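Report on one structure; see the data block that follows.
Being a predicted model, the structure only gives us computed values, none of them experimental.
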Amino acid sequence: MLLRGSGTAGPWGWMTLLLVACAARASEITFELPDNAKQCFYEEIVQGTKCTLEFQVITGGHYDVDCRLEGPDGAVLYKEMKKQYDSFTFTASRNGTYKFCFSNEFSTFTHKTVYFDFQVGEDPPLFPSENRATALTQVKYCCV
């Protein structure tokens, strides 16, 4: 479940965000990051789960932010400074709350708009019945 570190979503906003995050197990959010500010997000992850964090700065200044990802024990798993976009994949080494933050603290007058996608676990196949025999596979085996 994804929890936003700060802001005023109200109780119903938080409940909606929690329900959406639990159902999808992926979070795509676009948010404004004011100048001289930092925004953190938290995700509860089970050990052994493969996760991917992708982000991109959409507007503002030089289109760059700092990004940091920490494990439940506070160990830094990923840290990049002044990046326009990036992608980082990892496997959770332990159960717990993982924290990732975007920072615009180096900017004194330019706010940014940041998009991120945090995928927890593997995507289910688009075509789950792909292994069944179809006309194409039957023709392929017939011609071999």
On a heavy-atom basis, the closest approach of Thr89 and Thr52 is OG1-OG1, 3.1 Å
Asp117 (side chain) donor-acceptor with Glu54 (main chain) under 3.5 angstrom:
no
Between Val65 and Phe55, the two heavy atoms sitting closest are CG2-CE1, 4.0 Å
Side chains of Phe102 and Val57: does their closest heavy-atom pair fall under 4.5 Å?
no
Measure up the Phe41 and Phe100 rings against each other and bin them: parallel (under 30°), tilted (30 to 60°), perpendicular (over 60°).
parallel
Between the OG atom in Ser107 and the CG atom in Leu33, the distance rounded to the nearest 0.5 Å is 9.0 Å
Can you tell me if the gamma sulfurs of Cys101 and Cys67 fall under 2.5 Å?
no
The reported gap from CD in Glu122 to OG1 in Thr49 (rounded to nearest 0.5 angstrom) is 9.5 Å
Just checking, is any N or O donor in the side chain of Glu32 or Thr113 under 3.5 Å from an acceptor N or O on the other one?
no
Minimum heavy-atom separation for Lys99 and Cys40, please, with both atom names.
CE-SG, 3.7 Å
List the steps, then state whether side-chain contact (heavy atoms from CB on, under 4.5 Å) holds for Lys38 with Asn104.
CA-CA 6 Å; Lys38 179 179 179 180; Asn104 193 24; over 6 Å; no
What is the distance from atom CD of Glu44 to atom OG1 of Thr97, rounded to the nearest 0.5 Å?
3.5 Å
Under the side-chain contact (heavy atoms from CB on, under 4.5 Å) rule, what do Tyr63 and Tyr85 come out as? Steps first, then yes or no, please.
CA-CA 9 Å; Tyr63 298 92; Tyr85 59 89; over 6 Å; no
Could you check if a side-chain atom of Leu77 sits within less than 4.5 angstrom of a side-chain atom of Glu70, using non-hydrogen atoms only?
no
Heavy-atom pair of closest approach, residues Ile58 and Thr30:
CD1-CG2, 4.0 Å
Donor-acceptor pair, distance only, cut-off 3.5 Å: does the side chain of Asp64 make one with the backbone of Lys83?
no
List the steps, then state whether side-chain contact (heavy atoms from CB on, under 4.5 Å) holds for Tyr98 with Leu53.
CA-CA 12 Å; Tyr98 287 73; Leu53 171 64; over 6 Å; no
Exercise: identify the closest heavy-atom pair between Gly96 and Pro72:
CA-CG, 3.8 Å
Tell me the closest heavy-atom pair linking Glu105 and Asn36, and the distance in Å.
O-OD1, 3.1 Å
Would you give the length of the straight line joining atom CG of Asp86 to atom CD of Gln56, rounded to the nearest 0.5 angstrom?
11.0 Å
Hey, can you tell me if Phe90 and Phe88 have their rings parallel, tilted or perpendicular (30° and 60° cut-offs)?
parallel
